[in-house]
Amino acid sequence: MRPACAEPSYSSAGSRTRCSSSCVSNGGTRTTETIRLAESEPLDLDATLGCGQAFRWRRDGGRWEGVVDGRCIRLSQRGGLLHYSGSDEPFVRHYLALDLDLDRLLAAIDRDPVIEAAIDRSRGLRVLRQPLFECLLSFLCATNTNIPAVQSRVEAIAGVWGEPAVGDENVRAFPSSTALRHATEDDFRACRLGYRAPYARSAVTAICSDPSWEGELSAVPHDEARARLMALPGIGPKAADCILLYALGHLDAFPIDVWIRRILARHYLPDLDTGTLSPSRYEAARSFGRDRFGAHAGYAQVYLFNARDLLCRD
DNA sequence: GATTGACCTCG
DNA sequence: GAGGTCAAT
């Protein structure tokens with residue numbers, strides 16, 4: 001059994017969502033509400049939405065706009081005030097994991113000067129609780145590429161198959177696996193997935209062929225979920241670990257990307273510096289991370305990644 | 001098991 | 001070259 005991360009316990013405010021939807025159709029007079037963050041609820045919204053864990057957030061001045069679970073959401077932060085529109089407080093709190101005792105968590109992973117520097121760099125950064133299927137397809141699109149390209153692919157997929165988002169008809173929700181059931185390889189190529197198009201096609205087929213696939217993935221233990229993810233074409237260990245961390249609530253997942261590899265090589269595992277990252281070397285790096293940082297190693301990974309310039313410069 | 005090369009697309 | 005993965009040695 002997992003702690004409740006994947007399954008919503010927040011879906012209570014349908015009526016308010018509808019209201020904000022009707023408010024915005026006349027050009028943006030949607031209501032903005034405010035969450036007053038407690039001392040014990042540190043949040044760095046810019047780091048959280050800008051660190052590359054999710055691909056549908058854009059910063060517009062001091063304000064972030066994104067689409068989550070079919071809703072167009074706007075967020076901005078001034079100190080201890082978190083302003084939001086397009087959603088309701090329980091959803092925002094859940095998505096941003098504000099219920100998590102971050103100070104305690106960071107104290108638990110703060111085990112050496114390197115991670116300490118990374119924590120000092122972006123205290124308040126939180127791991128989002130993302131919708132599973134969108135996260136899965138996003139990281140399938142994210143191999144051997146850069147963030148702007150991933151964003152463009154994800155936007156394109158939403159543009160073709162997504163329903164209009166609640167709160168802004170001009171924006172599209174990310175489609176469900178079912179909505180993509182008939183998407184062809186060429187369709188995905190048209191969304192600039194390139195050689196990933198057949199992977200996306202097959203992954204969607206596999207997921208659709210078993211209606212309980214997504215639900216079971218959320219219920220199954222870490223290792224089992226990882227194996228099921230990696231059974232999908234185009235999902236290797238790195239993408240699987242990202243999905244485990246960002247969508248399935250396995251906070252001990254520790255994805256090894258090129259930056260984490262550099263950081264580990266420089267500060268922890270000199271042997272990791274050279275050569276190709278074979279599956280067994282990947283596993284070694286991953287278990288090092290989990291051993292060193294413990295049950296919340298994924299948070300350590302995100303903080304290290306976000307301090308990559310600091311930790312990798314000469 | 002480890003290593004190598006190919007691969008769409010974009011800034 | 002980029003926040004990898006796959007198939008073939």
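In this structure, R261(A) does not reach the dA2(C) phosphate: none of its side-chain N or O atoms is under 4.0 Å from OP1 or OP2. Checking the phosphate oxygens (OP1, OP2) of dA2(B), a side-chain nitrogen or oxygen of S280(A) falls inside 4.0 Å. The side chain of R192(A) contributes an N or O atom lying less than 4.0 Å from OP1 or OP2 of dC10(B).
Rounded to whole Å, the separation between the P atoms of dG1(C) and dG5(B) comes to 15 Å. With P as the reference atom, dC8(B) and dA8(C) are 15 Å apart, rounded to whole Å. Rounded to the nearest Å, the gap between the C1' atom of dG11(B) and that of dT5(C) is 23 Å.
As rounded to whole Å, 12 Å separates atom C1' of dA2(C) from atom CZ of R308(A). Atom-to-atom, CG of N144(A) to C1' of dC10(B) comes out at 12 Å; the value is rounded to the nearest Å. To the nearest angstrom, P of dG4(C) lies 15 Å from CZ of R281(A). Atom CZ of R153(A) and atom P of dG4(C) are 12 Å apart (whole Å). Between F188(A) atom CZ and dT9(B) atom P the separation is 15 Å, expressed in whole Å. As a whole-Å value, the separation of F139(A) CZ from dA2(C) P is 18 Å. Per the geometry, OH belonging to Y282(A) stands 19 Å off C1' belonging to dT3(B), to the nearest Å. Residue Q151(A) contributes atom CD, which lies 18 Å from atom P of dT9(B) at whole-angstrom precision.
By the 6.0 Å and 45° rule, R308(A) stacks over the aromatic ring of F305(A). Cation-pi geometry between R71(A) and F91(A) is satisfied (NZ or CZ under 6.0 Å from the ring centre, within 45° of the ring normal).
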> Can you check side-chain contact (heavy atoms from CB on, under 4.5 Å) on I263(A) and R266(A), steps first, answer last?
Replying inline: CA-CA 5 Å; I263(A) 292 167; R266(A) 171 176 285 243; 6.0 Å; no
>> Pair S76(A), H83(A) - check side-chain hydrogen bond (donor to acceptor under 3.5 Å, both in side chains), show working.
In response: CA-CA 5 Å; S76(A) 61; H83(A) 306 294; 5.0 Å; no
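Here the nucleotide nearest the side chain of T143(A), chosen from dG3(C), dA2(B), dT5(C), is dT5(C). Of the candidates dC8(B), dG1(C), dT5(C), the closest approach to any side-chain atom of N146(A) belongs to dG1(C). Ranking dC10(B), dT5(C), dA2(C) by closeness to the A149(A) side chain, first place goes to dC10(B). The F305(A) side chain lies nearest to dG3(C) when the options are dG11(B), dG3(C), dC8(B).
In this structure, C51(A) reaches the bases: a heavy-atom distance under 4.0 Å links it to at least one base atom across the strands shown. In this structure, L140(A) reaches neither bases nor backbone, as no heavy-atom distance under 4.0 Å exists between it and the strands shown. Counting any heavy atom pair closer than 4.0 Å across all strands shown, A239(A) reaches sugar-phosphate atoms only and no base atom. Among the heavy atoms of the strands, none lies under 4.0 Å from P255(A). Residue-level contact check: I147(A) touches the bases, meaning some heavy atom is under 4.0 Å from a base atom.
No more than 12 heavy atoms of other residues, nucleotides or ligands sit less than 6.0 Å from atom CD of E163(A).
Counting all heavy atoms, side chain and backbone alike, R30(A) lies closest to I73(A) at NH1-CA, 4.5 Å.
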> Which dot-bracket string describes DNA chain B (Watson-Crick N1-N3 plus N6-O4 or O6-N4, or G-U N1-O2 and O6-N3, all under 3.5 Å; [ ] crossing; | other strand)?
Replying inline: .||||||.||.
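Residue order along DNA chain C, read from the 5' end via each residue's closest nucleotide, puts D257(A) first among G234(A) and D257(A). Nearest-nucleotide mapping onto DNA chain C: of Y199(A) and T145(A), the residue sitting toward the 5' end is T145(A). The residue among R189(A) and T276(A) whose nearest nucleotide of DNA chain B is located toward the 5' end is T276(A).
Contact annotation: side chain of Y195(A) to base of dG4(C), donor-acceptor pair present below 3.5 Å.
Between L272(A) and Y282(A) there is no side-chain heavy-atom pair separated by less than 4.5 Å.
Looking at Y299(A) and D252(A), their side chains never bring a donor and an acceptor atom within 3.5 Å of each other.
The hydrophobic clustering, which links ILVMFWY residues whose side-chain heavy atoms are closer than 4.5 Å, places L106(A) and I260(A) together.
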